[in-house]
Undergrad: 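Structure below; questions to follow.
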Amino acid sequence: MATQDGGEGAVMDTETEAKPKEAEAFGENEEKADAESSSLTDAGNATTQDSSISNGDDADDKQEMVDLKIIWNKNKYDLKIPVDSTGAKLKERIHALTGLPPAMQKVMYKGLLPEDKTLRDIKVTNGAKIMVVGSTINDVLAVNTPKEVIQQEVKAEENKKEPLCRQKQHRKVLDKGKPEDIMPAIKGTKERLPTVPLSGMFNKSGGKVRLTFKLEQDQLWIGTKERTEKVPMGSIKNVVSEPIEGHEDYHMMAFQLGPTEASQYWVYWVPAQFVDAIKDTVLGKWQYF
């Protein structure tokens, strides 16, 4: 019986020992499953977190970018844009920044920026300053309409008077004759402003004068031998002109720098083909290039 009892005890002990091992194995499997589940959850959270962080334009992220400083109406804007964007695309981005419609923009970078070329083509680099000149539609309506009314009233008044070129104050300049170094003129045509200053003309005192249109600064530079006056185009109230009798391919032109006609700055022998472009530029009727 002792032997049997001992045998039974050994069997029972073996079974007792086997059960904890099975429990341990089960516990280990549970821990592994929990670890795998935790890893999958962490990976899922990481994916979700990465997805939430990456909220930019994936297309732009893959392109070479350039940082620009946009300057308009005394305001500065930072703009990051693909270097292979065209001038037209840049105008759209400027519109989004400033509210200035592309058709009303003059974008300047080493001259007028072409719409069909890319920023890479014209060698725009990081930190480049892009000058924008132009007025919103509301500004144009608020500012230009009164100027147009004034211009019409002045023109009507001039029609009642004798031609300007016959008036004594102008005759003393015109009687000197056409300057030898005046720029060539073409009657009956309209051209854009040249890229060089208009030179060789006379002012009211009979001295030589040149006109430089600084579009990127929205200024008209009136230069003489003695000095150069930088006049904001927005401060010029009106521009009047009249063909010179006997030389209709040239005009005499006045820029009204103050509230009355007494502030008119007269320029003589302005080539006729540039007269409309001068008026449109100074009075805010932007040319479309």
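The figures that follow rest on heavy atoms only: side chains count, while hydrogens, waters and symmetry mates do not.
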Undergrad: Should Ile94 and Trp72 count as side-chain neighbours, where that means a heavy-atom distance under 4.5 Å?
TA: no
Undergrad: If you define the side chain from C-beta out and look only at heavy atoms, does anything of Met201 sit under 4.5 Å from Tyr268?
TA: no
Undergrad: Calculate, to the nearest 0.5 Å, the distance between atoms CD and CD1 belonging to Gln105 and Ile70 respectively.
TA: 9.0 Å
Undergrad: Heavy-atom distance under 4.5 Å between the side chains of Val240 and Trp266, does that happen here?
TA: yes
Undergrad: For the side chain of Glu115 and the backbone of Gly87, is there at least one donor-acceptor N/O pair under 3.5 Å apart?
TA: no
Undergrad: Is a side-chain donor or acceptor of Ser263 paired with a backbone partner of Gly258 at a separation under 3.5 angstrom?
TA: yes
Undergrad: Indicate if Leu283 and Trp221 have the same hydrophobic cluster label, given that clusters are the connected sets of ILVMFWY residues with side-chain heavy-atom separations under 4.5 angstrom.
TA: no
Undergrad: Under the side chain to side chain contact (heavy atoms under 4.5 Å, CB included) test against Cys165, which residue among His247, His170, Glu242 passes?
TA: Glu242
Undergrad: Say whether Leu97 and Met104 are linked into one hydrophobic cluster, either directly or through other cluster members, by side-chain heavy-atom distances under 4.5 angstrom.
TA: yes
Undergrad: Among Arg93, Lys129, Lys69, find the residue that satisfies the salt bridge (Lys or Arg N to Asp or Glu O under 4.0 Å) test when tested with Asp78.
TA: Lys69
Undergrad: Would you tabulate the side-chain donor-acceptor contacts of residues 120-127 under 3.5 Å, counting partners in other chains and residues two or more places apart, or write 'none'?
TA:
from: Arg120; atom 1: NE; to: Asp84; atom 2: OD1; distance (Å): 2.8
from: Arg120; atom 1: NH1; to: Glu64; atom 2: OE1; distance (Å): 3.4
from: Arg120; atom 1: NH2; to: Glu64; atom 2: OE1; distance (Å): 3.0
from: Arg120; atom 1: NH2; to: Asp84; atom 2: OD2; distance (Å): 3.2
from: Asp121; atom 1: OD1; to: Thr118; atom 2: OG1; distance (Å): 3.3
from: Asp121; atom 1: OD2; to: Thr118; atom 2: N; distance (Å): 3.2
from: Asp121; atom 1: OD2; to: Thr118; atom 2: OG1; distance (Å): 3.0
from: Asn126; atom 1: OD1; to: Asp67; atom 2: N; distance (Å): 2.7

Undergrad: Between Gln273 and Lys190, does a side chain to side chain contact (heavy atoms under 4.5 Å, CB included) hold up when you go through it step by step?
TA: CA-CA 5 Å; Gln273 69 268 29; Lys190 296 180 182 180; over 6 Å; no
Undergrad: Is it the case that Lys176 places NZ or CZ above or below the six-membered ring of Phe202, under 6.0 angstrom from the centre and within 45 degrees of the axis?
TA: yes
Undergrad: Please report the shortest heavy-atom distance between Glu191 and Ala277, naming the atom on each side.
TA: O-CB, 3.3 Å
Undergrad: Under a 4.5 Å cut-off applied to non-hydrogen side-chain atoms, are Ile244 and Glu248 in contact?
TA: no
